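Notes follow the structure.
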Amino acid sequence: MGFHVDLWTVTVQRKLLNSVERCVDEALEGIVSSNAGLMLLRGHRVALRSDLHNLKGKVALISGGGSGHEPAHTGYIGRGMLSAAVAGAVFASPPPASILAAIMTLWQSGTSGVLLLVKNYTGDRLNFGLAAEKARTQGVHIDMVVVADDCAFTQPSKAGRRGLCGTVFIHKLAGALAEESCSLDVIVAKVSSAVKNIGTLAVGLSPCSVPGCLPTFQLLPGDMELGLGIHGEPGIQKSKIAFADEVVNTMINHMTDPSSQSHLPLKSGDTVVLCVNNLGALSCLEMAVVTRSAISCLVERGVHVARVMSGSFMTSLEMAGMSLSFMKVDEEILRLFGPFSSVACLVLKSICKALIQLKEELNALDRAAGDGDCGSTHDLAATAIKEWMQATIIPESPCLLFNTLAGLVEEKMGGSSGALYSLFLAAAAPHLRESCDGKDWAKAIQAGTDAMKKYGGAAPGDRTMLDALCPAVDELMKLSTASPSGHIAVLQAAVEKAELGAQSTRDLTAKAGRASYIASKRLTQPDPGAVAVAAIFRAVFDTLKGKDQCSTLT
Ligand SMILES: Nc1ncnc2c1ncn2[C@@H]1O[C@H](COP(=O)(O)OP(=O)(O)O)[C@@H](O)[C@H]1O
Ligand SMILES: O=C[C@H](O)COP(=O)(O)O
Ligand SMILES: [Mg+2]
Ligand SMILES: [Mn+2]
């Protein structure tokens, strides 16, 4: 009895789908219904931010293209990223009508302009271009940037270099600029310049197959294809699978080969952001090994890897393989790549410098009121944080940063202050998980202070660090209602209250901590912990005041 295995069984049933015709629609419905921040545009394969009112006066960003490259592009919609994404059928460009519908929806919601970020494929250039021209005739302030980052072909054809995973870097940059209310022309200029500093190359170990179709190409077991496209287009050479280090080295050599018209010039001393992209079916184990190879290969060439992204960013359905993308960056681009972590880095450096400089003064104050080590404990914390910053990349998430600092301080600082600071940071962190606007910062700081009081047992007036912290926190509660541009003024008032609070401890009777064992008449100097807290606030304020474009941590 012969088995009748039809095409459907061979291809689609290997995929967990319901229907070839509706798989893109069902996928979009699944993504949107699992993310409160997204909504679907009725009648179109278009996903949008659900908070369009927050885009008023800012440039809206639209990307899109064929489906089958998830999470691109719907997965990149959000604050500081895309405003909308337009999905085509699998590996096929979306219709101009849907692109235009997305443009008009965003334009009519009060945005200052619309920027289309398009991967360099003929279909996408034509369809997004057609929609842009139609929108322009309706008065829309619109522009388009095409991303062409493929390093495979040494002499690219007239169609140009394909658009690959480097497009995600551009989403991030354009999103950060739009979030800072930059104009359309400024964003286009900065992004167009950044595109020239991106290179991507892929390697495939197995083909992919469009639902309902046979695999796009054949690869014998044990073979790999270098330089293929994200639709399974052929690359530049087939070879036997080699070790990860060897494959990565070959790829980076090819990507930076000056004899290739598609190469990215890379020299010792350059700084890059690296993206190791899973094309769909590489295991997490393999991805980690390849990421290690890519970082060490770049470091061996004297290249500083400032950020690493490793995961599935621009896939090709179920293709086993990966692509390497790197973008040369300067300080400004890096700040845009991690607006929070760039500022946090400066703030932490400033705090550490202040506490290390205060070491002897705090120890002297503590000798008169405690056990003389308050400066040493703060110095230990500052030194540990500096060492950590040199060894790692500061997380872009304030919640993760606070949790990391809580652990560092708990482990390295010692003394009552070590436990108290760790409590503050650990209690504050969860309030910064989802977002970090002024309201979130106020809640976080309040939660941290409440934890200090709860577990330390002290209260304002007891001659402890709370006498500097609490008056400052009262001021910082105004972050909840102040506009981002007003945050610096709130912080300034908080600093002044912290410094007054610290000085006021001279005249307080100690009711908590070691100082409470010492006769009041001997306590004539301010409390060391309070002086330290005031110095921390001062360091934060002076840093943020100095960063004109970042007067806030939100
Ligand atoms: N229960 C408490 N609540 C808040 N702050 C406290 C408390 N106990 C001590 N402190 C602060 O800790 C500072 C002393 O820090 P440190 O010298 O590191 O700790 P230790 O007193 O254990 O040696 C004090 O100056 C005071 O500001
Ligand atoms: O995924 C496919 C691209 O987005 C567009 O491809 P195409 O130009 O072949 O339609
Ligand atoms: Mg002490
Ligand atoms: Mn595509």
Side-chain angles (χ1 to χ4, degrees), residues 24 63-70 72-73 85-96 99 117-129 146-147 159-160 162-164 167 208 210 216 229-233 314-317 355 359 362-381 409 412-424 448-470 501-502 505 508 510-518 523 525-534:
V24 171
S63 189
S67 297
H69 309 302
E70 291 66 23
H73 293 268
V86 188
V90 175
F91 290 2
S93 188
I99 301 166
L117 301 173
V118 177
K119 299 192 299 295
N120 185 35
Y121 295 101
T122 309
D124 285 341
R125 285 209 320 275
L126 294 174
N127 290 333
F128 279 82
V146 176
V147 181
R162 294 173 297 206
L164 301 174
T167 310
C208 60
V210 175
T216 48
I230 52 176
H231 311 95
E233 309 97 317
M314 179 81 67
T315 60
S316 187
L317 291 168
L355 293 178
K359 178 180 176 181
L362 293 176
N363 277 342
L365 291 172
D366 198 30
R367 277 194 290 275
D371 57 356
D373 66 351
C374 190
S376 304
T377 50
H378 285 75
D379 177 71
L380 284 172
V409 160
K412 301 286 187 182
M413 187 171 189
S416 312
S417 43
L420 288 160
Y421 279 113
S422 186
L423 274 166
F424 178 95
T449 307
D450 292 346
M452 263 192 183
K453 291 176 185 173
K454 176 181 174 184
Y455 296 105
D462 287 353
R463 203 185 197 278
T464 71
M465 61 173 73
L466 292 178
D467 293 307
L469 180 61
C470 293
T505 58
L508 294 175
K511 299 191 192 77
R514 296 175 191 282
S516 58
Y517 309 129
I518 295 173
L523 297 176
Q525 294 302 314
D527 173 68
V531 169
V533 163

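Residue indices begin at 1 and follow the sequence shown. Every value quoted in this text rests on a predicted model; they were computed, and no experiment measured them. Remember, it's 1-based here, ligands and their atoms both numbered in the order they're listed.
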**Q.** Steps toward side chain to side chain contact (heavy atoms under 4.5 Å, CB included) verdict (R367, Q525)
**A.** CA-CA 11 Å; R367 277 194 290 275; Q525 294 302 314; over 6 Å; no
For [atom], what's the nearest protein heavy-atom neighbour? Residue, atom name and distance, please.
| atom | answer |
| --- | --- |
| atom 19 (O) of ligand 1 | S416 N, 3.0 Å |
| atom 27 (O) of ligand 1 | D527 OD2, 2.6 Å |
| atom 6 (C) of ligand 1 | L420 CD1, 3.4 Å |
| atom 14 (C) of ligand 1 | C374 SG, 4.1 Å |
| atom 15 (O) of ligand 1 | S417 OG, 3.4 Å |
| atom 8 (N) of ligand 1 | G513 CA, 3.6 Å |
| atom 3 (N) of ligand 1 | A458 CB, 3.5 Å |
| atom 17 (O) of ligand 1 | D373 OD1, 2.9 Å |

(Q) If we count only N and O atoms by modelled type, under 3.5 Å, do the side chains of D527 and T464 hold a donor and an acceptor together? (A) no
Q.
Checking T505 against D467: is there a side-chain donor and acceptor pair closer than 3.5 Å?
A.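 The answer is no; no qualifying pair exists.
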Q) With a 4.0 Å cut-off on heavy atoms, is P528 touching ligand 1? A)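 Contact check P528 vs ligand 1: positive.
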Q. Quick one: does M452 get within less than 4.0 Å of ligand 1, heavy atoms only?
A. no
Q) After noting the C-alpha distance and the side-chain angles of S93 and L126, does the key distance pass the side chain to side chain contact (heavy atoms under 4.5 Å, CB included) rule? A) CA-CA 9 Å; S93 188; L126 294 174; over 6 Å; no
**Q.** Close side-chain approach of N120 to R125, heavy-atom, < 4.5 Å
**A.** yes
(Q) Quick check: do L365 and C374 have side-chain heavy atoms less than 4.5 Å from each other? (A) no
Supply the atom-to-atom distance [X] [atom1] to [Y] [atom2], rounded to the nearest 0.5 angstrom.
| X | Y | atom1 | atom2 | value |
| --- | --- | --- | --- | --- |
| F128 | S63 | CZ | OG | 6.0 Å |
| M465 | Y421 | CE | OH | 4.5 Å |
| S417 | D373 | OG | CG | 7.0 Å |
| H378 | D366 | NE2 | CG | 9.5 Å |

Q.
For ligand 1, which is the ligand I care about here, please tell me if L466 has any N or O atom under 3.5 Å from one of the ligand's N or O atoms.
A.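 Between L466 and ligand 1 (N or O atoms, distance only) the closest approach is not under 3.5 Å.
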**Q.** Backbone or side-chain N or O of G415 under 3.5 Å from ligand 1 N or O
**A.**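 Such a contact does not occur with ligand 1.
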Atom indices of ligand 1 within 4.0 angstrom of [X] heavy atoms, with elements:
| X | answer |
| --- | --- |
| D366 | 17 (O) |
| G529 | 25 (O), 27 (O) |
| G456 | 1 (N) |
| T377 | 18 (O) |
| M465 | 5 (N), 11 (C), 12 (O), 26 (C), 27 (O) |

Q: Return the orientation label for the Y121 and H231 ring planes: parallel under 30°, perpendicular over 60°, tilted otherwise.
A: perpendicular
**Q.** K511 versus S516, closest heavy-atom pair with distance
**A.** C-CB, 3.8 Å
Q: Could you pull out the closest heavy-atom pair between L317 and C208, with the gap in Å?
A: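 The pair with the smallest heavy-atom distance is CB-CB, 4.1 Å.
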Nearest to the Mg ion (ligand 3), which N, O or S atom of [X] do we find?
| X | value |
| --- | --- |
| D371 | OD1 |
| D366 | OD2 |
| D373 | OD1 |

(Q) Treating D462 as the side-chain partner and A459 as the backbone partner, does any N or O pair qualify as donor plus acceptor under 3.5 Å? (A)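 Between the backbone of A459 and the side chain of D462 there is a qualifying donor-acceptor contact (under 3.5 Å).
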Q. Is there a side chain to side chain contact (heavy atoms under 4.5 Å, CB included) between M452 and L420 once you walk through the steps?
A. CA-CA 6 Å; M452 263 192 183; L420 288 160; 4.1 Å; yes
So, regarding [X] and ligand 2 (criterion: nitrogen or oxygen to nitrogen or oxygen, under 3.5 Å), is there a contact or not?
| X | value |
| --- | --- |
| H69 | yes |
| Y121 | no |
| G65 | no |

Q | Ligand-residue contact atoms, ligand 2 with D124, heavy atoms, under 4.0 Å | A | 3 (C), 4 (O), 5 (C), 8 (O)
Q: Mark up the atoms of ligand 2 that fall under 4.0 Å of a heavy atom belonging to H231, in ascending order.
A: 1 (O), 2 (C), 3 (C)
Q) Which bit of R514 is near ligand 1, meaning a heavy atom under 4.0 Å away: side chain, backbone, both or neither? A) side chain
(Q) One residue to check: T464. Relative to ligand 1, which of side chain, backbone, both or neither has a non-hydrogen atom less than 4.0 Å away? (A) both
Q: Could you tell me if any non-hydrogen atom of R125 lies under 4.0 Å from any atom of ligand 2?
A: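 R125 does not count as a contact of ligand 2 under the 4.0 Å cut-off.
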